[in-house]
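Here the structure comes first, spelled out in structure tokens, and everything after it is commentary.
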Amino acid sequence: MTSLIIRAKELLENKTVQVVIGYEAGPTGVARPAFITDPAKAESLIYDERCVQNLAVYLTKREVKNIGKMAIVATLPVMRSIMMLISEQQLFADNIVVLGISADGKLLDIADNKVMQGYIEKSDLSNPEKYKGLLTEFNKLSPEEKFLYWQKELSKCIKCYACRQACPMCYCTRCTVEVNQPQWIPVKANTHGNMEWHILRAMHLAGRCISCGECGRACPVGIPCHLLTMHLTDQVYNYFKVYAGTSEKMSSVLSTYEPNDKESFII
Amino acid sequence: MSDFEPKVVAFVCNWCTYAGADLTGTSRIKYASNVKIIRFPCTGRIDFMLLLKAFANGADGIIVSGCHPNDCHYTSGNFHAKRRWIMFKELMDFMGVDMNRVTFSWVSAAEGAKWADVVNTTVTKIRELGPYVSYKELVNKSVEEEVKND
């Protein structure tokens, strides 16, 4: 993508940013994240269908933040992650330049956060099309079938926490699973403890998940853990009519309330 | 399982339901003795993990109860709790955990009779549902897994 390379080079040359976070082709041909600090190396930036990782996860990492002002190659989920991170005070809006990429792979001209907000609001914010059908199908199962399905899936979990590491919204430096007084989640991987971990993760992401599906993609044993957070994304919209990451002012669903929130199960 | 006695754990808030349960007692209203009441400062403090831990430690049913909306001692704890429970219930339904075993209610400090009713209804329901075998099996299986992996 020459327009992307030109723009990245320009930003680095006139010192608007100190690092450009994007994708480059690795030795085996897979796309890998690239942190470009030298304008001459901007040539190696790529953007094609191989570039699926949500790069926003690096924005909260100290090693990257310390380089200076950042520019990031951002598809819609990345832009929404950025909005969420700004709204949760994990990122300064002035500290980031967004190199937006449209759904058909074109470089967008995103001058500031207002423009980005406008772009996000115009886009379809529901779960990605490929997961919608899966969720509908899954919801048709009986409770027993669901319980057995998740038991089978979660018995594979090796507690590597890749789902957490890959998630741009899981930025806590001290996660609940690292706390041992009390020990909420057992250290060892067993089906029951794995289930508790995945419930905890999904609950902590309720109303904050931006439906990028990184957690499921990162899972080395193929647990579809993104379905849990995506289901909650659906339900958050169903009950509270909001999608995460739409503005830098919004507070997350579970840290706020409306006096007239509707439910039907509290007697 | 004719001799099955349900174990029900109640997570209640200090200001309304706990006082309400106290009133049930001082009013000499009789209710099922299967319930073990755990007092919390506020419903906003009742973490969803506590519910999971109750099931893991052998509870067959759970009651979560606090002040009516707008009556929270801390103004908004129960509103926050309400949103959390909505999400938690949806997630549990998605994962196939039996949410018929969990009763959510608002019981004020003046509703001693309602507390007795909530407990009795829950205990009767759990008695019909029987012990929570599938969850207990999951926990036991996990202990076996650990022994095998060691």
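Here is how names work: the chains are called A, B, and so on, in the same order as the sequence lines, proteins then strands, and each is numbered from 1.
- Annotation: A:K249, atom NZ; neighbour count of heavy atoms from other residues, nucleotides and ligands within 6.0 Å does not exceed 12.
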Residues B:L138, A:F147; criterion side-chain contact (heavy atoms from CB on, under 4.5 Å); working and verdict:
CA-CA 10 Å; B:L138 168 65; A:F147 195 62; 3.9 Å; yes

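- Here the CG-CG distance, from B:L91 to A:L232, works out to 5.0 Å after rounding to the nearest 0.5 Å.
- A 6.0 Å sphere centred on NZ of A:K114 holds no more than 12 heavy atoms belonging to other residues, nucleotides or ligands.
- A:T256 touches chain B through backbone and side chain together, each having a heavy atom under 4.5 Å away.
- Using a 4.0 Å cut-off between charged nitrogen and carboxylate oxygen, B:K53 and A:E196 count as a salt-bridge pair.
- Using cut-offs of 30° and 60° on the angle between ring planes, the pair B:F94 and A:F138 is tilted.
- Looking at A:F265 and B:M99, their side chains never come closer than 4.5 Å, going by heavy atoms from C-beta outward.
- Of the atoms belonging to B:N78, not a single heavy atom falls under 4.5 Å from chain A.
- For A:E258, the parts lying near chain B are the backbone and the side chain together; criterion is any non-hydrogen pair under 4.5 Å.
- Within residues 15-45 of chain B, no residue has any heavy atom less than 4.5 Å from a heavy atom of chain A.
- Heavy atoms closer than 4.5 Å to chain B are found in both the backbone and the side chain of A:D261.
- Per-residue counts of heavy-atom pairs under 4.5 Å with chain A were compared for B:S76, B:S134, B:G96; the largest is that of B:G96.
- At a 4.5 Å heavy-atom cutoff, A:L141 makes no contact with chain B through either its backbone or its side chain.
- Between atom CG of residue A:N190 and atom NZ of residue B:K141 there is a gap of 10.0 Å, rounded to the nearest 0.5 Å.
- Closest approach of B:F48 to A:L200, counting heavy atoms only: CE1-CA, 3.8 Å.
- Considering all non-hydrogen atoms of both residues, B:M92 and A:I199 come closest at CE-CD1, 3.4 Å.
- The nearest pair of heavy atoms linking A:S255 to B:H80 is O-CE1, 3.4 Å.
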Does the pair B:R83 and A:Y239 meet the rule for a side-chain contact (heavy atoms from CB on, under 4.5 Å), with working shown?
CA-CA 9 Å; B:R83 281 206 165 186; A:Y239 282 97; over 6 Å; no

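- The shortest side-chain heavy-atom distance between B:E90 and A:D234 does not fall under the 4.5 Å cut-off.
- Checking side-chain atoms of B:R84 against main-chain N and O of A:L254 turns up no donor-acceptor pair under 3.5 Å.
- The shortest side-chain heavy-atom distance between A:I267 and B:F104 does not fall under the 4.5 Å cut-off.
- To the nearest 0.5 Å, atoms CD1 (A:I266) and NE2 (B:H68) are separated by 11.0 Å.
- Side-chain atoms of B:M95 and A:Y149, non-hydrogen and from C-beta on, never get closer than 4.5 Å to each other.
- The greatest number of non-hydrogen atom pairs below 4.5 Å with chain B, out of A:K146, A:Q235, A:H231, is found for A:H231.
- Neither the backbone nor the side chain of B:S65 comes within less than 4.5 Å of any heavy atom in chain A.
- More than 12 heavy atoms of other residues, nucleotides or ligands sit less than 6.0 Å from atom NZ of B:K114.
- Within 6.0 Å of the NZ atom in A:K61, the count of heavy atoms belonging to other residues, nucleotides or ligands exceeds 12.
- Using a 4.5 Å cut-off between heavy atoms, A:W184 touches chain B through backbone and side chain atoms alike.
- Most heavy-atom pairs under 4.5 Å with chain B: of the set A:E263, A:M203, A:M195, this distinction falls to A:M203.
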